[in-house]
Amino acid sequence: MSSMLVDNIGELVTNGAGEGPLGIRRDAAVLVEEGRVVWVGPSAYAPAADRRLDAGGAAVLPGFVDSHAHLVFAGDRAAEFAARMAGEPYTGGGIRTTVGATRAATDDELRATVRRLRGEALRQGTTTMEIKSGYGLTVADEARSLRIAAESSTETTFLGAHVVPAEYADRPDDYVGLVCGPMLAAAAPYAKWVDVFCERGAFDVDHARAILACGQAAGLGVRIHANQLAPGGGVQLGVELDAASVDHCTHLSDADVDALAGTAHSDGSGTRTVATLLPGAEFSTRSPYPDARRLLEAGVTVALATDCNPGSSYTSSMAFCVALAVREMRLTPAEAVWAATAGGARALRRDDIGVLTPGARADLVVLDAPSYLHLAYRPGVPLIRQVMRNGVTP
């Protein structure tokens with residue numbers, strides 16, 4: 001059995017037992033066997049191993065867990081971004097532009113985009129990345145989008161209900177029937193989750209409930225885009241359907257926050273339904289940022305994700321999102337790092353990632369810095385020195 005010792009770690013973020021909310025250990029080491037963490041402790045007491053990775057006194061933390069990304073698409077919307085920066089409001093309408101380009105693309109073209117962005121994210125420390133469909137919006141295109149996504153991630157999400165495509169603009173009920181019927185049947189073999197963009201200009205609460213319930217009946221877990229552009233019923237619908245995550249959460253009522261807080265685990269370990277915040281979207285659309293402090297103070301579990309997509313958040317950098325969350329959403333650096341690692345894992349209902357504790361998957365990043373604090377302290381700087389995923393250093 002091959003083993004690797006990562007030692008001479010100046011500051012180890014475990015998200016488990018240790019100092020403070022991040023479970024920090026100093027002068028630490030991690031022993032990895034067969035892709036799993038098997039021991040964590042002081043470097044001075046580290047067991048022998050077949051190979052050694054010297055962290056050189058730097059900080060080590062769990063690989064980032066990006067629980068919300070849209071990577072299967074063609075083309076870009078740089079002109080739309082420029083228009084927004086010149087003052088045009090974001091309405092979500094540009095999704096249809098990407099739908100047209102995606103339908104026209106070959107499998108190999110879509111595959112190349114997914115692999116490029118997944119590789120880009122991995123180099124920046126993201127070891128787990130959820131990937132959604134949603135830019136095909138036909139039975140065949142949604143199925144192939146998920147088939148391609150599944151080549152790069154086990155966390156795949158069917159988002160046939162992204163928007164109503166142009167050919168169904170006057171027949172939204174018919175499109176919901178297509179999503180719940182033939183499209184879901186074709187997509188489900190490649191998907192783990194089902195999602196709906198529950199928003200003005202997309203799907204109302206009744207349509208969203210019907211689609212998510214059909215997805216549940218097909219064995220898929222529930223996620224939902226909710227309350228991004230305006231107040232609405234998406235967050236409370238997510239709670240009603242036991243969604244793993246409600247994503248965006250920009251416009252929340254007291255009842256929304258209470259509903260999320262009401263999903264708290266009895267052991268005090270946070271909420272069953274996670275609020276996933278996507279600061280890259282607010283940055284790229286000049287929109288108000290979610291009130292993260294309000295959620296945290298209510299006891300709601302918060303995750304951070306990139307929302308990587310060609311229209312409203314074309315970034316694959318979780319470190320950038322950490323810095324935005326600290327600067328614009330008033331998370332502490334520790335809260336932001338936890339949300340980008342363990343929080344993302346909670347949003348995927350995973351306990352084997354986002355932590356560096358015995359039994360966890362050996363996903364870790366070595367920073368070119370002495371502390372996790374530098375992720376927010378030095379925004380935009382390439383601080384990821386080395387990445388290990390599933391015990392392997394690419």
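FYI, side chains are in, hydrogens and waters are out, and symmetry mates aren't considered; it's all heavy atoms of this structure. Positions are given from 1 along the sequence.
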Would you call [X] and [Y] a salt bridge, using N to O less than 4.0 angstrom?
X    : Y    : result
E130 : R350 : no
D254 : R294 : yes
R26  : E11  : yes
R118 : E155 : no

Check whether any side-chain heavy atom of R209 lies under 4.5 Å from a side-chain heavy atom of E240, and answer yes or no.
yes
Validation row: L356, N15 side chains within 4.5 angstrom (heavy atoms):
no
Could you check whether atom CG of D351 has more than 12 heavy atoms from other residues, nucleotides or ligands sitting under 6.0 Å from it?
no
More than 12 heavy atoms of other residues, nucleotides or ligands under 6.0 Å from CZ of R378: yes or no?
no
In terms of ring plane angle, is the pair H162 and H70 parallel, tilted or perpendicular, where the classes change at 30° and 60°?
parallel
Parallel, tilted or perpendicular: ring planes of Y314 versus F73, cut at 30 and 60 degrees:
perpendicular
Which value, rounded to the nearest 0.5 Å, describes the distance between [X] atom [atom1] and [Y] atom [atom2]?
X    : Y    : atom1 : atom2 : result
S67  : R346 : OG    : CZ    : 12.5 Å
D195 : D247 : CG    : CG    : 6.5 Å
D7   : L12  : CG    : CG    : 11.5 Å
S2   : D50  : OG    : CG    : 5.0 Å
L137 : T102 : CG    : OG1   : 8.5 Å
S312 : D307 : OG    : CG    : 5.0 Å

Examine F320 together with F283 and report whether their ring centres are nearer than 6.0 Å.
yes
Will you find, in the side chains of [X] and [Y], an N or O donor that is under 3.5 Å from an N or O acceptor?
X    : Y    : value
R77  : T98  : yes
E120 : S316 : yes
D242 : T273 : no
H248 : H68  : no

Under 3.5 Å donor-acceptor, T301 side chain and T271 backbone
yes
Residues M318, T341; criterion side chain to side chain contact (heavy atoms under 4.5 Å, CB included); working and verdict:
CA-CA 10 Å; M318 286 290 281; T341 53; over 6 Å; no
Of the non-hydrogen atoms in [X] and [Y], which two are nearest, and what is the gap between them?
X    : Y    : answer
V37  : R361 : CG2-O, 4.3 Å
C180 : A210 : SG-O, 3.8 Å
C249 : A275 : SG-CB, 4.0 Å

Shared hydrophobic cluster, L117 / I131 (ILVMFWY, side-chain heavy atoms < 4.5 Å)
yes
When clusters are formed by joining ILVMFWY residues with side-chain heavy atoms under 4.5 Å apart, either directly or through shared neighbours, do I224 and L146 land in the same one?
yes
Does T138 form a side chain to side chain contact (heavy atoms under 4.5 Å, CB included) with R103? I'd like the steps, not just the answer.
CA-CA 9 Å; T138 68; R103 288 177 176 180; 3.6 Å; yes
Go through it in stages, so that I can follow the logic: the residues are T154 and K192, the test is side chain to side chain contact (heavy atoms under 4.5 Å, CB included), and I'd like the CA-CA distance, side-chain angles, deciding distance and then a yes or no.
CA-CA 8 Å; T154 59; K192 180 177 178 181; 5.7 Å; no
Could you list the residues that satisfy side-chain hydrogen bond (donor to acceptor under 3.5 Å, both in side chains) with T393, not counting sequence neighbours?
none
Just one of V300, L295, D291 clears the side-chain contact (heavy atoms from CB on, under 4.5 Å) bar with L252, so which one?
L295
Which residue in the set V30, I9, L367, V365 passes side-chain contact (heavy atoms from CB on, under 4.5 Å) when paired with V60?
I9
Looking at F81, I'd like to know if the NZ or CZ of R84 sits under 6.0 Å from its six-membered ring centre while staying within 45 degrees of the ring's axis.
no
Linking Ile, Leu, Val, Met, Phe, Trp and Tyr by side-chain heavy atoms under 4.5 Å, what else ends up with L278?
none
